[in-house]
Amino acid sequence: MSNISRRQFLKTGAAALAGITIAPSTILGKKFGKRSPSDKLNIAVVGIGGMGHANINAVKATENIVALCDVNWDYAKGVFDEFPKAKRYWDYRKMFDEMGKSIDAVIIATADHTHAIITADAMTLGKHVYCQKPLTHSVYESRLLTRLAASTGVATQMGNQGASGEGTNLVCDWIWNGEIGEVTKVECATDRPIWPQGLNEPEKVDEIPSTLNWDLFTGPAKLLPYSHIYQPWNWRGWWAYGTGALGDMACHILHQPFEALHLGYPTKVEGSSTLLLNACAPQAQHVKMVFPARDNMAKVGMPEVEVHWYDGGLMPDRPKGFPQGKQLMQSGGGLTIFHGTKDTLICGCYGNEPWLLSGRKPNAPKVARRVTTSHEMDWVRACKEDKEDRVECNSCFSKAGPFNEMVVMGVLAVRLQALNKTLEWDGKNMRFTNIGPDETIKTVIKDGFTIHNGHPSFNKTWTDPVNAQQFAQELIKHTYRDGWKLPAMP
């Protein structure tokens, strides 16, 4: 007989039970095979004040929210208060160090420039990952996450929720069934930005609020003086942290062309915009990408196709026969027009409400994978399946990584427009092939437009010319700040 007292037994037993409630369910999964759908995931969330909160709301009814991390505790306060039992962190790295063994999965909804490093660190630790769109800030980061997903075998999902919607399914079904013939041109547009863009870099330095850790927000990027204009939401328009209207909305609007047309790497890209500033995305922009012919499907060919992007109020021409008086911009502030050899398919943001310009109502077989729950809960389902027989999510990184390369390629086209040429892209090797070793590029630091005595003065402050190859390479693969490092490419 043990000499342990009843009080000691109850205390030890309660502690053991408490430990079980936060033990990662992967322990059971690894020992006994496929995990039961009723097993709860222990989920940590990084970036909780905006879309992170919406993602939490989609999973909180069935899963455990065990840790919350944010660099702005004022913006995040409501979510912290909603989950008083979840541990709170400023720095995701400390959270991983302290709670790594008790975390199954991570939701990441931070600013664009920190998506890749947080996601890569989580995957390297063997954690399933749901990352908001755009998946990354650069081409190299997208390629890295694609390969990490394959090498680690974790369940992944990018937060472009339209990928799990019926609109996207119908677009794919109709095109794959040959309803509009071969598609040779696609035009996409958004009504964004709805935040300030086309701004000069702030000249006034503001005091950093005590509730914001500016160093952690900056993360791998260059540490700039703090301005209130950057946080908590307007970072989207600044190149250091965001990807502008294109990065924000293209993951919702370009996804249907990428999926339905089996697009891969573009071969040619070019961009134009309103005044392009060195620090801030322009107010409006147009991007053209050319994709080579792909393997034909059973019922439709896949010839070379042009994909056009418009934002900031720029729009494609109204297609011939488009109903008079009908708004061209479709639902959700998005528009996609598939120009086929037999018909024209039009849909809104997320692929919503697709229709044919001819008025026909296709009755195509349902081929695209249907999701019967939310985008987030489909990821939760994948997390609980063994990697050997997992049904991958509709925006798992094997799809979302290559797709996000297309999205950030649009940003590259705009930022390199001063080279005044159609850029030729070698996707496999992540490099432009027609930028010469001696070419230089410069951009505008400040738009000093003024009016004096009724006369305009166009006084722009320019950067010094820099080597164009080096400038492009930095956009393709960022140099991280000291103390921040991505894992090696698998």
Strictly by modelled atom types, are Ser398 and Glu392 linked by a side-chain donor-acceptor pair under 3.5 Å? no
So, for Gly312 and Ala284, which heavy atoms are closest and what is the spacing to 0.1 Å? O-CB, 3.6 Å
Side-chain polar contacts of residues 147-154 - donor-acceptor pairs under 3.5 angstrom, sequence neighbours left out - could you list them?
| residue | atom | partner | partner atom | Å |
| --- | --- | --- | --- | --- |
| Ser151 | OG | Arg147 | O | 3.3 |
| Ser151 | OG | Leu148 | O | 3.2 |
| Thr152 | OG1 | Leu148 | O | 2.7 |

Any donor-acceptor pair under 3.5 Å from Asn404 side chain to Pro402 backbone: no
Would you say Asp482 has more than 12 foreign heavy atoms packed within less than 6.0 Å of its CG? no
According to the interplanar angle, ranging from 0 to 90°, do the rings of Phe96 and Tyr92 count as parallel (below 30°), tilted (30 to 60°) or perpendicular (above 60°)? perpendicular
Side-chain donor or acceptor of Gln197 paired with backbone N/O of Pro282 under 3.5 Å: yes
Which residue, Ile346, Val305, Leu261, forms the side-chain contact (heavy atoms from CB on, under 4.5 Å) with Phe338? Leu261
Does the Asn434 side chain pair with the main chain of Leu423, one donor and one acceptor, at a distance under 3.5 Å? no
Look at the rings of Trp214 and Tyr241 and say which category their plane angle falls in: under 30° parallel, 30 to 60° tilted, over 60° perpendicular. perpendicular
Passes side-chain hydrogen bond (donor to acceptor under 3.5 Å, both in side chains), Asn55 versus Gln132? Steps please. CA-CA 9 Å; Asn55 299 146; Gln132 264 304 328; 3.1 Å; yes
Correct closest heavy-atom pair for Ala189 and Leu314 would be CB-O, 4.3 Å
Less than 3.5 Å apart, any donor N or O on the side chain of Asn64 or Asn42 sitting next to an acceptor on the other? yes
Should the heavy atoms of other residues, nucleotides or ligands under 6.0 Å from CG of Asp317 be counted, would the total exceed 12? no
So, does Glu63 use its side chain to make a donor-acceptor pair with the main chain of Leu41 at under 3.5 Å? yes
Could you check whether any side-chain N or O of Asp91 sits under 3.5 Å from a backbone N or O of Arg93, counting only pairs where one atom can act as donor and the other as acceptor? yes
Would a line drawn from the ring center of Phe80 to the ring center of Trp73 be shorter than 6.0 Å? yes
Between Leu277 and Leu275, is there a side-chain heavy-atom distance shorter than 4.5 Å? yes
Indicate yes or no for a side-chain donor-acceptor contact from Lys268 to the backbone of Thr422 under 3.5 Å, with no hydrogens or angles considered. no
Using ring centroids (six-membered ring only for Trp), state whether His137 and His115 fall under 6.0 Å. no
Is the count of non-hydrogen atoms from other residues, nucleotides or ligands lying under 6.0 Å from Lys421 atom NZ greater than 12? yes
Return yes if some donor-acceptor pair links the side-chain N/O of Asn394 with the main-chain N/O of Ala163 below 3.5 Å, else return no. yes
For the pair Trp233 and Trp195, name the ring-plane relationship: parallel under 30°, tilted 30 to 60°, perpendicular over 60°. perpendicular
Does any part of the side chain of His286, heavy atoms only, come nearer than 4.5 Å to the side chain of His308, both counted from C-beta? yes
Scanning both residues in full, the closest heavy-atom pair of Phe397 with Cys131 reads CZ-CB, 4.2 Å
Stepwise, does the side chain to side chain contact (heavy atoms under 4.5 Å, CB included) test hold for Glu141 with His478? CA-CA 9 Å; Glu141 292 168 338; His478 300 328; 4.0 Å; yes
Indicate yes or no for a side-chain donor-acceptor contact from Gln285 to the backbone of Gly271 under 3.5 Å, with no hydrogens or angles considered. no
Please report whether the ring centroid of Phe322 lies less than 6.0 Å from that of Trp355. yes
Heavy atoms, side chains only, cut-off 4.5 Å: are Arg236 and Pro193 in contact? no
Could you go through Tyr480 and Ile117, starting from their C-alpha distance and side-chain angles, then the distance that decides it, and tell me whether this counts as side chain to side chain contact (heavy atoms under 4.5 Å, CB included)? CA-CA 10 Å; Tyr480 278 13; Ile117 193 166; 3.8 Å; yes
Using a 4.5 Å cut-off on heavy atoms from C-beta on, say whether the side chain of Met123 contacts that of Thr156. yes
Hey, do the aromatic rings of Phe217 and His113 have their centres closer than 6.0 Å? yes
Given side chain to side chain contact (heavy atoms under 4.5 Å, CB included), test Val290 with Glu306 step by step and report yes or no. CA-CA 5 Å; Val290 178; Glu306 289 183 5; 4.2 Å; yes
Polar side-chain atom of Trp238 near backbone of Ala279 as donor-acceptor pair, under 3.5 Å: no
Ser395 and Asn160: side chain donor to acceptor below 3.5 Å: yes
Should we say atom NZ of Lys446 is surrounded by more than 12 heavy atoms from elsewhere, each under 6.0 Å from it? no
Under-4.0 Å salt bridge between Asp378 and Arg381: yes
Is it the case that Asp112 and Thr243 place a side-chain donor and acceptor less than 3.5 Å from each other? yes
Step-by-step side chain to side chain contact (heavy atoms under 4.5 Å, CB included) determination, Glu259 to Phe403: CA-CA 9 Å; Glu259 183 73 11; Phe403 168 46; over 6 Å; no
Is there a donor-acceptor contact under 3.5 Å from the side chain of Asp426 to the main chain of Thr433? no
